[in-house]
Amino acid sequence: MEPEVSYKLRCELHGHQEDVRSVCVGDLGVVTSSRDTTIKIWAEDSPTSYSLVHTLAGHSKYVAAVTYAAPGLLPDMPNGAIVSGAFLRPATAAVLAAHTQLAHAQCKAAGA
């Protein structure tokens, strides 16, 4: 029998106006998407504290999924990207121009 695993809440991130739909943890820190139509990027300040670094807006429907594509993973986005999917909308990528600057780009449909 496997031992019981115990978890402890490390911190809470407050910033979205609606419920969080997706969380991605990666090189950027923590990336969250929400029913409030935004994506937020959080940086770790300490083991029990994160601060809001960027808020990405532009989706017209709630953002159902978010992930981070590391630099070099996507040929068209050599600096990396945050890829998101909103309810009934095409996927969108926030292209990482630099560690602190973000620019939006619409993903191309497969085969287009």
Side-chain angles (χ1 to χ4, degrees):
M1 182 178 276
E2 293 184 35
E4 186 175 317
V5 178
S6 176
Y7 296 96
K8 180 181 176 186
L9 180 63
R10 192 167 102 170
C11 67
E12 294 181 17
L13 306 178
H14 296 275
H16 285 291
Q17 301 301 310
E18 301 278 342
D19 58 306
V20 171
R21 304 300 297 171
S22 182
V23 177
C24 176
V25 179
D27 296 341
L28 290 176
V30 176
V31 181
T32 58
S33 68
S34 171
R35 204 177 285 270
D36 68 7
T37 72
T38 67
I39 297 167
K40 295 189 182 286
I41 304 170
W42 308 83
E44 184 176 23
D45 297 324
S46 72
T48 59
S49 175
Y50 283 76
S51 59
L52 180 61
V53 178
H54 292 289
T55 297
L56 303 174
H59 284 288
S60 60
K61 300 286 186 181
Y62 74 83
V63 187
V66 67
T67 192
Y68 170 66
L73 186 63
L74 302 173
D76 291 344
M77 300 172 190
N79 294 323
I82 295 172
V83 181
S84 60
F87 182 70
L88 298 176
R89 297 290 186 250
T92 299
V95 180
L96 303 181
H99 290 293
T100 58
Q101 296 179 330
L102 300 170
H104 293 337
Q106 191 72 21
C107 288
K108 295 178 182 176

In chain order, what residues pass the ring pair (Phe, Tyr, Trp, His ring centres under 6.0 Å) check against Tyr62, with sequence neighbours excluded?
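Residues passing ring pair (Phe, Tyr, Trp, His ring centres under 6.0 Å) with Tyr62: Phe87.
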
For [X] versus [Y], what's the shortest heavy-atom pair and its separation?
| X | Y | result |
| --- | --- | --- |
| Val66 | Cys24 | O-CB, 3.8 Å |
| Ala43 | Val53 | CB-CG2, 3.4 Å |
| Ser22 | Ala64 | CB-O, 3.7 Å |
| Tyr50 | Arg10 | OH-NH2, 2.6 Å |
| His59 | Thr37 | O-CB, 3.4 Å |
| Ser33 | Val63 | OG-O, 3.1 Å |

Donor-acceptor check, side chain of Ser34 to backbone of Glu18, threshold 3.5 angstrom: yes or no?
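Answer holds: yes.
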
For the pair Thr38 (side chain) and Thr55 (backbone), establish whether a donor and an acceptor sit closer than 3.5 Å, ignoring hydrogens and angles.
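Side chain of Thr38 to backbone of Thr55, a donor-acceptor pair under 3.5 Å: no, none is there.
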
To the nearest 0.5 Å, what is the distance between CG (Asp19) and OG1 (Thr32)?
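The distance works out to 11.5 Å.
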
Verify same cluster id: [X], [Y] (apolar side-chain graph, 4.5 Å):
| X | Y | value |
| --- | --- | --- |
| Val25 | Ile41 | no |
| Ile39 | Leu28 | yes |
| Leu52 | Ile82 | no |

Derivation of the side-chain contact (heavy atoms from CB on, under 4.5 Å) call for Val20 and Lys40
CA-CA 10 Å; Val20 171; Lys40 295 189 182 286; over 6 Å; no

